[in-house]
Enquirer: 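Encoded as structure tokens, here's the structure I'll be asking about.
Computed over heavy atoms, backbone and side chain alike; hydrogens, waters and symmetry mates excluded.
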There are 2 protein chains.
Amino acid sequence: MKNNLSIRDIAKLSGVSVSTVSRVLNNNGRYSEATKEKILKIAKENGYRPNSLARNLRKQASTFIGIIVPDISNEFFAKIVKDCEQLLFSIGYLAIVCNTERNPELEKRYIEKLSNHMVAGFIIISTNATTIRNLNLTLPIVYIDRTPNLGENSISVSSDNYLGGKIATKYLIRSNADPYMFITKTIKQSTTEDRISGFKDVLIKENIEGNRIFSLNTTSDCVFSDLREIRKYLDTLIEKRKKIGIFAINDKVAAAILKVAMSKKIKIPEELSIVGFDDISISKTAAMPITTISQNTSSISSQAVNALFECLNKNIQISRKIVIPIELIKRATA
Amino acid sequence: MKNNLSIRDIAKLSGVSVSTVSRVLNNNGRYSEATKEKILKIAKENGYRPNSLARNLRKQASTFIGIIVPDISNEFFAKIVKDCEQLLFSIGYLAIVCNTERNPELEKRYIEKLSNHMVAGFIIISTNATTIRNLNLTLPIVYIDRTPNLGENSISVSSDNYLGGKIATKYLIRSNADPYMFITKTIKQSTTEDRISGFKDVLIKENIEGNRIFSLNTTSDCVFSDLREIRKYLDTLIEKRKKIGIFAINDKVAAAILKVAMSKKIKIPEELSIVGFDDISISKTAAMPITTISQNTSSISSQAVNALFECLNKNIQISRKIVIPIELIKRATA
DNA sequence: CTGAAAGCGCTAACAG
DNA sequence: CTGTTAGCGCTTTCAG
């Protein structure tokens, strides 16, 4: 195995000391051009690879970043993880990805394990904040999507969910639709709460009354497995013989509503307008392109990585709340 | 920072030597119950975390596995990466995830970087095999999805794409449809090739003639961005006034065809049958549930992790080709 | 410009 | 049952 060569072997082979080899390999100066050439040549010939573990140990540093995420098979999360990973790699870090399934116990175990001097910092996507607090970590952490209500120093990056909720609702009202919102069963999340707040605040401002939020007894990931509930609610709404406007908590729910509506031959957007949230691919692949509030995932990722990078370099824990603008994407459903 | 305590600090605090602490921490026996209790207590009180980097360095081992994947925002890949990651974690490994975008240069850089004693092995999903060969790695590698034609020892895990192609085609023919296949522009991949072979072989056996493969000038990921080509092909086929059966290279393409067909009011499955491949979520969320060949992603992942684990433990490079059975899932489109 | 030596935190002989 | 010690591969003073 040529791979097992150490810096000492290279030193021996080149007839110099290990420190010289190290200096050459790290471009630390204080060596002659001739030795440099020689060492580099020998290192290359032998396929020398520096042992990053040893280097990290010596430098008391790590080139790993832990990315904690509920589930990368969720497209929205996958995009963010992917972007973060690629940005991290471009600045010399590697991403250790951990799927927690929103299981707080598992999440805790991941974070503990990664804290064992393995990672330089964390990017934590959509977490339950409470589990983190107990670990009294000193590593920099950037939270994405869900903002934990920690008083401590922390960085959070998320879309302007509140404004998104408002814009979607206003748009529905402006197109003369009677606004309703469809949400799913979900653990209390700041993002969802914010979208709902946006919706409610517009209703108040416009003096629209009544309970206009329909809560589906399913999660967003399973919304397609049983459409009967949506069908029932839609029947209720259609009876009113007014143009209906539905703000769906996310694109999956919007797509499910669209599917039911089309099977009922409801005219979209004439009789029913739908606005989703997230702008994931389903809003393009659905039978009709779905109007939605787009989250700028690449901006989220780059802001998160930048903030983390800043912490890492300055070696301080900064406190910052970064809000990423959202955008209404007008397509066919509203 | 309590985190910075080392084993030596714990030793000092407990009034024992480092080796005793090490033995206790690793359950290596040869210590009294009393010292064990004491050390564990002190370690806990001080929030001691063993430095895994140092441990790995000393043991000449790594608890990282590199997962190389084109793109985790592709649902099929995401599922596999997620399953692998979770299985790896359950046996004590952490996954370093690398998105290569099918860029051979980037892929090479990732693999080189990870080879620097950082990872114990690789899971490489859907790669261009040629780039690997040059790196003469000694680490165990499991290939998923795409089987590189390396003569060397290597492990590959993939679905039975050939049989999948055959089953889909036979099913179409048995339901009295005239079989055609829709493929996309893609780099030469063994998986795609196998599905096509399956299709072709059935045609030969059934004495069905003519060029029946329509090649779309797009990639699967972009197939929805311009449906005109599909529309055109569908027009051509429908003119024949026979029941048409389309085997789509994957579910995304199937969903695009379905979308176009529905907008043309073509009766499905009476006039047109569609069978997809992969069984990703779009086949459930589409306007009509799509009949498809299901790839058992969890089986793929577990076989891959098992094989890798075997290599890691026995410290040998085994050679094995694992083929995962596929399954026809009958839904509404065929 | 170069080398010797210390030591990052840990494990594993070996000696007692 | 416990301690001493060497050393994993590397970087980095400190001397020369």
Side-chain angles (χ1 to χ4, degrees), chain A residues 1-40 42-43 46-64 92 113-120, chain B residues 1-40 42-43 46-64 92 113-120:
Chain A
M1 331 251 157
K2 296 188 170 182
N3 285 8
N4 286 348
L5 281 193
S6 79
I7 199 172
R8 191 144 42 223
D9 299 316
I10 301 299
K12 224 167 268 171
L13 254 32
S14 328
V16 296
S17 73
V18 285
S19 35
T20 303
V21 177
S22 172
R23 279 191 291 257
V24 168
L25 262 24
N26 294 288
N27 269 312
N28 274 342
R30 294 180 295 160
Y31 47 78
S32 69
E33 195 58 24
T35 36
K36 178 187 167 182
E37 304 269 293
K38 186 171 58 181
I39 291 172
L40 254 28
I42 291 182
N46 293 279
Y48 170 74
R49 296 184 202 288
N51 184 327
S52 320
L53 250 44
R55 175 179 287 173
N56 284 349
L57 177 61
R58 174 60 229 239
K59 295 178 101 168
Q60 293 290 79
S62 158
T63 51
F64 297 118
K113 177 134 196 190
L114 293 189
S115 305
N116 296 351
H117 308 255
M118 287 179 142
V119 298
Chain B
M1 328 255 155
K2 296 188 168 180
N3 284 7
N4 287 348
L5 280 193
S6 80
I7 199 172
R8 190 140 46 222
D9 299 316
I10 301 298
K12 223 167 268 170
L13 254 33
S14 330
V16 297
S17 73
V18 285
S19 40
T20 303
V21 177
S22 172
R23 279 191 290 256
V24 168
L25 260 27
N26 294 288
N27 268 313
N28 274 341
R30 294 180 295 159
Y31 47 76
S32 69
E33 195 59 24
T35 36
K36 177 186 168 186
E37 304 268 294
K38 185 171 57 183
I39 290 171
L40 254 29
I42 291 181
N46 293 279
Y48 169 74
R49 295 184 202 288
N51 184 328
S52 319
L53 249 44
R55 175 179 288 173
N56 284 348
L57 176 62
R58 173 62 229 241
K59 295 179 100 168
Q60 292 291 78
S62 159
T63 50
F64 297 117
K113 176 134 196 190
L114 293 189
S115 304
N116 295 352
H117 308 254
M118 287 178 141
V119 298

Enquirer: Knowing that exactly one of L57(B), L53(B), N51(B) qualifies, which makes a side-chain contact (heavy atoms from CB on, under 4.5 Å) with N56(A)?
Expert: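 Of L57(B), L53(B), N51(B), side-chain contact (heavy atoms from CB on, under 4.5 Å) with N56(A) is met by L53(B) alone.
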Enquirer: By side chain to side chain donor-acceptor pair (under 3.5 Å), which residues pair with S22(A), not counting sequence neighbours?
Expert: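 Counting only residues at least two positions away or on another chain, S22(A) forms a side chain to side chain donor-acceptor pair (under 3.5 Å) with N26(A).
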Enquirer: Under the side chain to side chain contact (heavy atoms under 4.5 Å, CB included) rule, collect the residues that match up with D9(A), sequence neighbours excluded.
Expert: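 Residues passing side chain to side chain contact (heavy atoms under 4.5 Å, CB included) with D9(A): L5(A), S6(A).
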Enquirer: Quick check: closest heavy atoms across R23(A) and R30(A), and the distance to 0.1 Å?
Expert: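 Shortest heavy-atom contact: NE-O, 3.7 Å.
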Enquirer: Could you pull out all residues at least two apart from S52(A) that satisfy side chain to side chain donor-acceptor pair (under 3.5 Å)?
Expert: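 Not a single residue meets the side chain to side chain donor-acceptor pair (under 3.5 Å) criterion with S52(A).
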Enquirer: Sugar-phosphate means primed atoms, P, OP1 and OP2; the rest is base. With that split, encode nucleotides 9-16 of chain C 5' to 3' as B, S or - using protein heavy atoms under 4.0 Å.
Expert: BBBBBB--
Enquirer: Between the main-chain N or O of G92(A) and the side-chain N or O of K113(B), is there a donor-acceptor pair closer than 3.5 Å?
Expert: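 Judged by distance alone, yes, a pair lies under 3.5 Å.
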Enquirer: Between which nucleotides of DNA chain D, 5' to 3', does chain B make heavy-atom contacts below 4.0 Å?
Expert: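 Footprint of chain B along DNA chain D, 5' to 3': dC1(D) to dG9(D).
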Enquirer: Rounding to 10°, can you tell me the angle the first-five-pair axis of the helix from dC1(C)-dG16(D) to dG16(C)-dC1(D) makes with its last-five-pair axis?
Expert: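 Helix axis angle between the two ends: 40°.
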Enquirer: State which residues pass side chain to side chain contact (heavy atoms under 4.5 Å, CB included) with K59(A); sequence neighbours excluded, sorted by chain then number.
Expert: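 Partners of K59(A) by the side chain to side chain contact (heavy atoms under 4.5 Å, CB included) criterion, ordered by chain and then number, come out as R55(A), A61(A).
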Enquirer: Holding to side chain to side chain donor-acceptor pair (under 3.5 Å), I want the full list of residues that pass it with S17(B), two or more places apart in sequence or in another chain.
Expert: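 Applying side chain to side chain donor-acceptor pair (under 3.5 Å) to S17(B) gives S19(B), T20(B).
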Enquirer: Could you list the residues that satisfy side chain to side chain contact (heavy atoms under 4.5 Å, CB included) with A120(B), not counting sequence neighbours?
Expert: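 Once residues adjacent in sequence are excluded, the partners of A120(B) under the side chain to side chain contact (heavy atoms under 4.5 Å, CB included) criterion are S62(B), I65(B), Y93(B), L312(B).
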Enquirer: Does any part of the side chain of Y48(A), heavy atoms only, come nearer than 4.5 Å to the side chain of L25(A), both counted from C-beta?
Expert: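 Yes. Closest side-chain heavy atoms under 4.5 Å.
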